[in-house]
Amino acid sequence: SLSVLALAQKRRNGRDGKSALIAGVNEYTSLKNLHSAVYEAELIAEIFGADPLRNSEATRQAVLENARGKNYLHLACHGSFNWEDALESALYLANDEPLTLNHVLSDLDLASTRLVTLSACETGLTEFNQLPDEFIGLPAGFLQAGAPGIVSSLWTVDDNSTAFLMERFFAYLLEEHQSPAAALKNAQARLRQFSRQ
């Protein structure tokens, strides 16, 4: 909505630092293992000069505690939208631990955050059928937690392609000083130039 846009633009001011919390989870017990989430986190952490949380380090508690005061939050892991209860939509961290929309709304402080990137499947979906005037989903939750901008996915995504896309996105954003929209557009265009070979 326009009111959310106005709030996001106002929040952007003073959040131009490069501190980041970056997490990547490849190893799961009940979910299918990912191949490139940790690699993606390492690539992006290198751009920031940060040390990412990898696999067992990337617990829900670690994310909730370490996100405070960071300008960027990047989570590379499994994610899902819960159509029966949108508040149970989640990102799945170490030990298959869900960071649900409920946790985001009640426990996450993103007052210093410029941008959240959710590098996981279906994190951009929202429930709109049963609600008269508000959309409920992970993007809205991260906005309510204080972030002025979110990058998320509306569908299932290939793990390897996502790692490349996100690395290019942050390179364009931070090294070439492009806007998030331009950086994402250019990263997508670059990805289209590659074949599966």
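- Checking side-chain atoms of Tyr92 against main-chain N and O of Tyr28 turns up no donor-acceptor pair under 3.5 Å.
- In the hydrophobic clustering of this structure, Ile44 groups with Leu115; members are Ile, Leu, Val, Met, Phe, Trp, Tyr whose side-chain heavy atoms approach within less than 4.5 Å, directly or through other members.
- Neither Leu34 nor Val38 shares a network with the other; the hydrophobic side chains, linked directly or stepwise wherever heavy atoms of I, L, V, M, F, W or Y lie under 4.5 Å apart, form separate groups for each.
- Counting heavy-atom neighbours within 6.0 Å of Glu88 CD, excluding the residue itself, gives a total above 12.
- Remark: the backbone N or O of Arg54 is paired with a side-chain donor or acceptor of Glu57 at under 3.5 angstrom.
- Put simply, the side chain of Leu87 does not reach to within 4.5 Å of the side chain of Thr100, judged on heavy atoms.
- One hydrophobic cluster holds both Leu91 and Leu110 under the rule that ILVMFWY side chains link at heavy-atom gaps under 4.5 Å.
- Tracing side-chain contacts under 4.5 Å through hydrophobic residues (I, L, V, M, F, W, Y), one reaches Leu101 starting from Ile150; they form part of the same cluster.
- Here the side chains of Leu64 and Leu108 are in contact, with some heavy-atom distance below 4.5 Å.
- Put simply, the side chain of Lys70 does not reach to within 4.5 Å of the side chain of Ser112, judged on heavy atoms.
- Considering CD of Glu42 and CD of Glu40, their distance stands at 11.0 Å, rounded to 0.5 Å.
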Output a table of donor-acceptor pairs, distance under 3.5 Å, between side-chain atoms of residues 163-178 and any protein atom two or more places apart or on a different chain; print 'none' if there are none.
unit_1, atom_1, unit_2, atom_2, d
Glu176, OE1, Gln178, NE2, 3.3
Gln178, OE1, Asn186, ND2, 2.8

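- Using a 4.5 Å cut-off on side-chain heavy atoms (C-beta onward), Glu97 and Gln61 make no contact.
- Taking CZ from Arg68 and CG from Asp107, the interatomic distance works out to 10.5 Å, rounded to the nearest 0.5 Å.
- Cluster annotation: Leu99 and Leu53 are assigned to the same hydrophobic cluster (Ile/Leu/Val/Met/Phe/Trp/Tyr, side-chain heavy-atom contacts under 4.5 Å, transitive).
- When every heavy atom of Gly69 is checked against every heavy atom of Ser19, the shortest pair comes out as O-OG, 3.5 Å.
- The main-chain N or O of Asn26 is found under 3.5 Å from a side-chain atom of Asn55 such that the two form a donor-acceptor pair.
- Contact between Cys77 and Leu93 at its shortest, heavy atoms only, is SG-CD2, 4.1 Å.
- Side-chain contact check for Ser161 versus Leu191: some heavy-atom pair is nearer than 4.5 Å.
- Taking the ring centroids of Tyr72 and Phe48, they lie under the 6.0 Å cut-off.
- For Arg114 (side chain) and Pro148 (main-chain N/O), no donor-acceptor pair under 3.5 Å exists by modelled atom type.
- When all heavy atoms of Val25 and Ala58 are compared, the closest pair comes out as CG2-CB, 3.7 Å.
- Although no hydrogens or angles enter the test, the distance criterion places no donor-acceptor pair under 3.5 Å between the side chain of Asn71 and the main chain of Thr113.
- Between the side chain of Thr59 and the main chain of Ala62, a donor-acceptor pair closer than 3.5 Å is present.
- The closest side-chain heavy-atom distance from His74 to Pro52 is not below 4.5 Å.
- Judged purely by atom type and a 3.5 angstrom limit, His78 uses its side chain to pair as donor or acceptor with the backbone of Lys32.
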